[in-house]
S.K.: 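Sharing a structure, written as structure tokens. Questions coming.
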Protein chains: 2
Amino acid sequence: MLSAGLPQGAVPKLERPGPLRDRVYEALLELITTRALQPGQHLVESELAGHLGVSRQPVREALQRLNTEGWVDLRPAQGAFVHEPTEEEADQLLTVRTLLEAEAARLAAANADKAGVAALESLCVEGEKAVTADDVDTAVALNAAFHAKIMTLAGNTVLAELAAQVDRRVRWYYTPVARQRGRQSWIEHRELIAAITTRDEQLATSLMREHTEHTRRSYHERAQD
Amino acid sequence: MLSAGLPQGAVPKLERPGPLRDRVYEALLELITTRALQPGQHLVESELAGHLGVSRQPVREALQRLNTEGWVDLRPAQGAFVHEPTEEEADQLLTVRTLLEAEAARLAAANADKAGVAALESLCVEGEKAVTADDVDTAVALNAAFHAKIMTLAGNTVLAELAAQVDRRVRWYYTPVARQRGRQSWIEHRELIAAITTRDEQLATSLMREHTEHTRRSYHERAQD
DNA sequence: CGATTGTCTTTCGTCTACAGTCTACGGTGC
DNA sequence: GCACCGTAGACTGTAGACGAAAGACAATCG
């Protein structure tokens, strides 16, 4: 017996660094979403490589992935540029997000079990707490977690992956808005939980649709300021 | 004036080879969709590189892109393997496709102009011709073109890009089915055109939803054989 | 006879080097 | 003074080489 004296599952699995390109990818994505790298900025491979302490190759691979996912534009023989969101694109992206999220809500209503609903409620409570405490960062994170949980409950992997990508970009475009729309958002979440609990697919769908549409409206109102 | 004696837009744009990785990408995608590379097969970089007459680098970049789009699985420190579709995944993918296509139909109904409808009708006529002539390959191609045209008419770039990816994978999974379901498919297309012409968004949505659902049903019936 | 360990091959992950191409700037002619 | 051309610099695109990890197989020990 090899596993004789070992503390069951507590073996840390020998945390491997994992492919370098992935870490570069995450680092760059972080830099982009936090606006450290601004839209339109020219990303020079050798610069990034030097700055991150790696070679150009992993940087290239990360940039290519970012390109396919719409974060950077890769102009041939010229290099990578941080994608510049347009009004139109943001709107289209939100349309798609509404679609995906609404479907997820429907599937979640169809599939959710007690444990799932309990998890949602727990997140909701935490979220309301964060809003009350004016802890915006936590509130935003919990909001993302809430939507992610619904995706999980929907049980559709393909849908989840697409939604994850779209969601992240939407959050990028709409960060200023998301930070405003705190309390109302969690009220709508509660209604959604109720619909899921009672297995009302129709209601869950339309609630989620309304919910994301509210975000769109907030954005356009804000844009007029 | 530089463009003085030039035949307007007939300048061949100086056909540049374009990034090598893209051509490798297309080549590999072709090989995968045509089953020349079978699901589960181990793709060795150096082999592919030698076979295509290029270095390993462009092959790597193409593989990474194929990975993010779900065509191959990239196991760390082990290499690329052609993705193996599962029943469950095919079903989930079709669910998403239904969503996206239905939304596209709705938007197309809202936006389509005379020229657009005319183009759809033209494709429909061609498609029916191909079916009558038992020209399956052409019929399949025209079917894809029809759906792509609807996407264009919808005018949502983001939606179109997602749908293009999902569609291609669905076609991969369901090729055996798609080749069966010829004539009925084009009848449904005609109904859809009618709905778009009359700007009936509701009808267009539900028709498209039914249309893709029929494909799912065909698949499951066939799976029972 | 079975399990384990050591080695060996294969293949990936990363780095370095070189050639092609685009951009920008300065000089020259009108 | 303005426009055009030529040159230089910088960056990307591609190729080749080296080190490292994973899997397979055989030899060895209990």
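First the proteins, then the strands, lettered A, B, ... as listed; each starts at 1.
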S.K.: Rounded to the nearest Å, what distance is computed from the CZ atom of residue R75(A) to the C1' atom of nucleotide dT23(C)?
M.R.: 12 Å
S.K.: In whole Å, I'd like the distance from the NE2 atom of H42(B) to the C1' atom of dA22(D).
M.R.: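 After rounding, the reported distance stands at 11 Å.
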S.K.: Do R169(A) and E89(A) meet the salt-bridge criterion of a basic N to acidic O distance under 4.0 Å?
M.R.: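 A salt bridge is present here (some side-chain N lies under 4.0 Å from a carboxylate O).
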S.K.: Under 4.0 Å, heavy atoms only, any strand: does L63(B) hit a base, just the sugar-phosphate, or nothing?
M.R.: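 Contact class for L63(B): none.
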S.K.: Return the value, rounded to whole Å, for the distance between atom CD of E45(A) and atom C1' of dC11(D).
M.R.: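 About 8 Å, once rounded to whole Å.
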S.K.: Is the backbone of E101(B) close enough, under 3.5 Å, to the side chain of H211(B) for a donor and an acceptor to pair up by distance?
M.R.: no
S.K.: So does A154(A) get a backbone contact from the side chain of N111(A), meaning a donor-acceptor N/O pair under 3.5 Å?
M.R.: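 Side chain of N111(A) to backbone of A154(A), a donor-acceptor pair under 3.5 Å: yes, one is there.
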S.K.: Reckon Q78(A) touches a base, only the sugar-phosphate, or nothing at all at heavy-atom distances under 4.0 Å?
M.R.: sugar-phosphate
S.K.: If I take atom CG in residue D22(B) and atom P in nucleotide dT12(D), what distance separates them, rounded to the nearest angstrom?
M.R.: 16 Å
S.K.: What is the separation between atom CD on Q57(B) and atom C1' on dT12(D), rounded to the nearest whole Å?
M.R.: 12 Å
S.K.: Under a 4.0 Å threshold between the charged nitrogen and the carboxylate oxygen, would E26(B) count as salt-bridged to R23(B)?
M.R.: no
S.K.: Output the single nucleotide from dT14(C), dA15(D), dT14(D) whose closest atom is nearest the side chain of L20(B).
M.R.: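 Comparing dT14(C), dA15(D), dT14(D) against the side chain of L20(B), the answer is dT14(D).
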S.K.: Give a yes/no on whether any side-chain N or O of S55(A) is located under 4.0 angstrom from OP1 or OP2 of dC15(C).
M.R.: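 Yes, within the criterion.
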S.K.: Looking for any heavy atom pair under 4.0 Å, which part of the strands does L74(B) touch: base, sugar-phosphate only, or nothing?
M.R.: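 Counting heavy atoms under 4.0 Å across all strands, no contact is made by L74(B).
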S.K.: Rounding to a whole Å, what distance do you find between R56(A):CZ and dG13(C):C1'?
M.R.: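 Checked: the CZ to C1' distance equals 16 Å.
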S.K.: So, is R60(B) near the phosphate of dG13(C), with a side-chain N or O under 4.0 Å from OP1 or OP2?
M.R.: yes
S.K.: Going by an N to O cut-off under 4.0 Å, is there a salt bridge joining E61(B) and R65(B)?
M.R.: no
S.K.: R21(B) has an atom CZ; how far is it from atom C1' of dG13(D), in whole Å?
M.R.: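 Distance, rounded to whole Å: 8 Å.
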S.K.: Using atom CG of L43(B) as one end and atom P of dT11(C) as the other, report the distance to the nearest whole Å.
M.R.: 12 Å
